[in-house]
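Structure, as structure tokens:
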Amino acid sequence: MITQEAVTMARYYFGGRAYVRHNRRRQEHLAALGLDLFDKSVLEVGAGVGDHTTFFLDRRCRVLSMEPRLENCFLFTEFMRGLAA
């Protein structure tokens, strides 16, 4: 069962300035590696709230994201619906 408190805490943690900055640096690093990531299949284990999912989607990847925490899944779904709107 998912609680509003768990969702609020996850939103606070994943929306924090330090967390967002850290993920931007991770994505910059991935991009700088020069890996051929276009049109690949990606298994994203521990996807959190989907912060890195769009990095792969922007490269036309097919992404299967897995996340065990219900509150993160809720925020992930919310995030992806926002992208589709």
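Looking at F79 and D51, their side chains never come closer than 4.5 Å, going by heavy atoms from C-beta outward. Contact annotation: the side chain of M80 approaches that of T53 to within less than 4.5 Å [non-hydrogen atoms, C-beta and beyond].
For residues 75-85, the side chain to side chain donor-acceptor pair (under 3.5 Å) pairs, not counting sequence neighbours, are R11-E78.
Scored by the salt bridge (Lys or Arg N to Asp or Glu O under 4.0 Å) test, E5 finds no partners at all (sequence neighbours excluded). Annotation: side-chain contact (heavy atoms from CB on, under 4.5 Å) contacts of R26 (sequence neighbours excluded): H22, N23, H52. The side-chain hydrogen bond (donor to acceptor under 3.5 Å, both in side chains) test applied to S41 returns R62, not counting sequence neighbours.
Residues E44 and S65 share a closest heavy-atom pair of OE1-OG, 2.6 Å. Contact detail for A47 and F76: the closest heavy-atom pair is CB-CE1, 4.3 Å.
Side-chain N or O atoms of E67 include none that pairs as donor or acceptor with a backbone N or O of C73 at under 3.5 Å.
In terms of hydrophobic clustering, with Ile, Leu, Val, Met, Phe, Trp and Tyr side chains grouped at heavy-atom distances under 4.5 Å, L57 and V45 are assigned to different clusters. Both L35 and V63 belong to a single network of hydrophobic side chains, linked directly or stepwise wherever heavy atoms of I, L, V, M, F, W or Y lie under 4.5 Å apart.
No more than 12 heavy atoms of other residues, nucleotides or ligands shown are found within 6.0 angstrom of CZ on R17.
Through side-chain heavy atoms spaced under 4.5 Å, either directly or across other Ile, Leu, Val, Met, Phe, Trp or Tyr residues, F38 is tied to no other residue. In the hydrophobic clustering, where aliphatic and aromatic side chains (Ile, Leu, Val, Met, Phe, Trp, Tyr) are joined below 4.5 Å either directly or transitively, Y13 groups with I2, V7, F14, Y19, V49, L70, F74, L75.
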request  = Under the side-chain contact (heavy atoms from CB on, under 4.5 Å) rule, what do T54 and L83 come out as? Steps first, then yes or no, please.
outcome  = CA-CA 9 Å; T54 54; L83 291 177; 3.3 Å; yes
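Here the straight-line distance linking atom CZ of R59 with atom CG of L37 works out to 6.5 Å at 0.5 Å rounding.
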